[in-house]
Enquirer: 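Structure in structure tokens, see below.
Naming: A, B, ... by sequence-line order, numbering from 1 per chain. Since we're looking at a predicted model, the values are computed, not measured. The figures that follow rest on heavy atoms only: side chains count, while hydrogens, waters and symmetry mates do not.
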Amino acid sequence: MAPQTRRTAFPKVLIARDSDYEQSSSGEEEEEEEEEEEEEEGPPSEEDNENEEKMEDFKDAKRKGKTPITISLKKVCKVCKRAGHEAGFKGATYIDCPMKPCFLCKMPGHTTMTCPHRVATQHGVIPAPHKNTQNPVEFIFERQLRPGIASIKPAYVIPDQVNCAAIRYHSRRVTSLEFHPTYNHILLSGDKKGQLGVWDFAKVHEKTVYGNIHSCILNNMRFSPANDGTIYCASSDGTVSCTDLETGISTSLMNLNPDGWQGPASWRMLYGMDINSDKGAVLVADNFGFLYLVDTRTNSRTGKAIMIHKKGSKVVGLHCNPVQPDLLLSCGNDHFARLWDMRRLEAGSALYNLEHRRVVNSAYFSPLSGSKILTTSQDNRLRIWDSIFGNLDSPSREIVHSHDFNRHLTPFRAEWDPKDPSESLAVIGHYISENFNGTALHPIDFIDINTGHLVAEVMDPNITTISPVNKLHPRDDVLATGSSRSLFIWRPKEKLDVAEQLDARKIIVFGGDGKKRRKKYRDEDDDDSDDDKFTFKGKNVKVKKSEKQTTRYSRKAKR
DNA sequence: ACCGGATGGAACC
DNA sequence: TGGTTCCCCTCCGG
């Protein structure tokens, strides 16, 4: 939204040659030998010296707001523009630029290949300090609660095989997922365009897409606790909607942009949302730091907007404590997650302010006891804050994990496994790719947040896109993934029979696809009716025509 | 097969 | 404080 500007002067031209360094430029070398300290990196290498002059020029031009055009006859790193190394894929392995801090843990001196946090079985563990050992709360916990907690943790069950079809009914990337609270096979999905999909993944072909509820990003959705046929959605169009899933009839409970588009400075977008059934309220928060309450009985806004995060900053997440209805957790772009008492909601009155080094993508209470908080921050760390064994002044544990990509992707959020009685299993997509048998894949990680161990990485050679949106089923061993525009359902491999495993390999992309895309495969004007038919579990479903398409989840091959 | 665009945040000054 | 520029593994479609 920032205004586009044009360069006013022609930039300097630099030429780097393979043999000895020679330079031709647009003319006079003013202030060429101006003193300037090189950025603090290790000792300069041969290549550094060779290119010093060029770098000076580069910086010089940069200072004047002109980016020089570098005509390179020499192989140069695309990241740091220096010779002697090259960042990028070597086969399916990505080689980092050694001049940059580690892309995983952000510390200088090594790359992701050699990062100590990259060891698979001990993924990025920073040991948890065991605090407050003589704390009376802990004493009571040990006396009264510990006996009720199984000492031997049940083995985790990991849904690691795509078993029913991948579906692609969204025309833009998926931004949110929610399982139906009572129907086990219904998955709701929202996308960047504001479309809401309802998918019965047991009857694979049964899907409904509501395209008229919102006009842009569907950021969060929650089922009504009172009526599980009703879903609330918060969108970047500034409205909260309440939709009946049977009829598709939707009402708008609140519209923060009643006057339409008046420019980016006034356009309000709704991000975080949760429902407090105890108070009969839908809580939503916007991109200017404000919280709004909507009464679910009257479907109308109550009270005034409350500033809960830094003025002008986006509040991306809200979560009500599952046990204590008065506790509210929020997180946002001001680098904080904040804990609030619903009875005393006013600017600056948070009970705790959980500090992070970067933007906080999500903050969730643990699903059963509500005593732990799991946050995902753009500094590539998951943090666990424990209100019983720790205090909320600092995290009990930090887990280094690659999820810091920002633009063009839905933000990664670590999600609890709602079925895990020990409240220690979390799932989160992985940004940087790993080399799996020669294919660069972005796995979905299952992490034991008590130990920091990577319990499992789930991936499929046909899914080459990044999977930032993941949700574990509230009752079944099922994982739902939103990756680009596609949805995937995963189940544990050992629970699939042979036929199901074969099915999983056969049927891949089907369903209403974008018309423009389908033109790629046929020229005639088309609607949904003339796709090839395919039988899956006795149901007629539609699949793409070409053989390639039926064996791939995504369109493009990656090498 | 290439390339531009949609985009958000941070680091500059 | 605001305007400007840059940014390391996107992904789609023209």
Side-chain angles (χ1 to χ4, degrees), chain A residues 1-8 11 39 58-59 61-68 77-82 85-104 106 111-113 168 170-175 191-193 216-217 219 236 264-265 269 271 287 310-314 316 332-335 356-361 377-380 402-412 429-436 439-443 463-468 482-486 513-521 553-559:
Chain A
M1 276 173 221
Q4 297 292 316
T5 55
R6 286 174 190 280
R7 293 197 186 94
T8 49
E39 52 268 62
F58 187 75
K59 288 178 177 182
K62 228 176 148 176
R63 265 197 301 278
K64 294 181 192 125
K66 292 181 264 172
T67 307
C77 172
K78 66 179 177 186
V79 175
C80 71
K81 312 284 187 288
R82 293 186 194 200
H85 65 272
E86 264 186 283
F89 276 103
K90 282 268 185 297
T93 305
Y94 192 92
I95 307 297
D96 277 350
C97 170
M99 296 301 175
K100 292 278 185 171
C102 172
F103 196 52
L104 175 57
K106 309 300 174 193
T111 65
T112 51
M113 291 299 285
R168 193 192 281 146
H170 287 287
S171 58
R172 288 289 180 272
R173 59 168 216 254
V174 173
T175 54
D191 72 19
K192 205 184 136 212
K193 260 172 113 179
C216 52
I217 313 177
N219 288 306
S236 286
M269 302 186 264
Y271 284 84
N287 57 326
K310 186 181 168 189
K311 195 175 183 184
S313 75
K314 197 188 280 179
V316 292
N333 280 13
D334 63 354
H335 300 195
H356 295 69
R357 283 202 288 274
R358 292 275 298 279
V359 167
V360 187
N361 292 347
S377 170
Q378 285 291 93
D379 66 358
N380 260 4
S402 171
H403 53 254
D404 71 334
F405 197 75
N406 223 324
R407 294 173 307 163
H408 316 128
L409 278 185
T410 306
F412 291 84
H430 198 102
Y431 169 45
I432 49 176
S433 63
E434 302 278 346
N435 185 341
F436 293 100
T439 313
L441 299 175
H442 309 271
I463 305 175
T464 53
T465 47
I466 295 170
S467 305
S483 188
S484 186
R485 312 183 325 184
S486 299
D513 209 343
K515 289 193 175 185
K516 281 177 184 168
R517 283 172 58 80
R518 298 224 260 127
K519 278 204 162 155
K520 242 184 130 77
Y521 305 108
Y553 298 124
S554 65
R555 188 166 53 91
K556 272 184 192 166
K558 194 152 187 172
R559 345 175 238 287

Enquirer: Does B:dA10 have OP1 or OP2 under 4.0 Å away from a side-chain N or O of A:H335?
Expert: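 Yes.
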Enquirer: Nearest to the side chain of A:K314 - B:dA6, C:dC8, B:dG8?
Expert: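 Nucleotide nearest to A:K314's side chain: B:dG8.
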Enquirer: Select base, sugar-phosphate, or nothing to describe what A:P468 touches, counting heavy atoms under 4.0 Å on all strands.
Expert: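 Here A:P468 touches no strand at all.
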Enquirer: Can you tell me which nucleotide in B:dA10, C:dC9, B:dG8 comes closest to the side chain of A:Y94?
Expert: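 Minimum distance to the A:Y94 side chain belongs to C:dC9.
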Enquirer: I want to check one thing: is the phosphate of C:dT10, taken as OP1 and OP2, less than 4.0 Å away from some side-chain N or O of A:T465?
Expert: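 Result: no.
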Enquirer: Among C:dC8, C:dC12, C:dC9, find the nucleotide with the atom closest to the side chain of A:F89.
Expert: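 Nucleotide nearest to A:F89's side chain: C:dC9.
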Enquirer: Among the candidates B:dA6, C:dC8, B:dG8, find the nucleotide nearest to the side-chain atoms of A:K192.
Expert: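 Comparing B:dA6, C:dC8, B:dG8 against the side chain of A:K192, the answer is B:dA6.
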Enquirer: Among B:dG8, B:dA6, C:dC8, find the nucleotide with the atom closest to the side chain of A:N333.
Expert: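 The nucleotide sitting nearest to the side chain is B:dG8.
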Enquirer: Closest approach of A:N361 and A:V316, non-hydrogen atoms and distance?
Expert: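 Looking at all heavy atoms of both residues, the closest pair is O-CG2, 3.6 Å.
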Enquirer: If you only use heavy atoms from C-beta on, which nucleotide in C:dC11, B:dA6, C:dC9 is closest to the side chain of A:F103?
Expert: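 Per side-chain heavy atoms of A:F103, the pick is C:dC9.
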Enquirer: Can you sort out the partners of A:K193 under salt bridge (Lys or Arg N to Asp or Glu O under 4.0 Å), two or more places apart, ordered by chain and number?
Expert: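 Checked A:K193 against salt bridge (Lys or Arg N to Asp or Glu O under 4.0 Å); zero matches.
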Enquirer: Would you be so kind as to tabulate the donor-acceptor pairs closer than 3.5 Å made by side chains of residues 86-95 of chain A, with sequence neighbours excluded?
Expert:
unit_1, atom_1, unit_2, atom_2, d
A:T93, OG1, A:N435, ND2, 2.8

Enquirer: Kindly point out which of B:dG9, C:dC9, C:dC8 is positioned nearest to the side chain of A:I432?
Expert: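 Nucleotide nearest to A:I432's side chain: C:dC9.
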Enquirer: Kindly say if A:R358 contacts the phosphate of B:dA10, meaning a side-chain N or O under 4.0 Å from OP1 or OP2.
Expert: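 Looking at the OP1 and OP2 atoms of B:dA10, one of them is under 4.0 Å from a side-chain N or O of A:R358.
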Enquirer: From CZ of A:R485 over to P of C:dT10, roughly how many Å is that when rounded to an integer?
Expert: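 That distance rounds to 17 Å.
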Enquirer: Is any side-chain N of the basic residue among A:D404 and A:R358 closer than 4.0 Å to the acidic one's carboxylate O?
Expert: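 No, this pair does not count.
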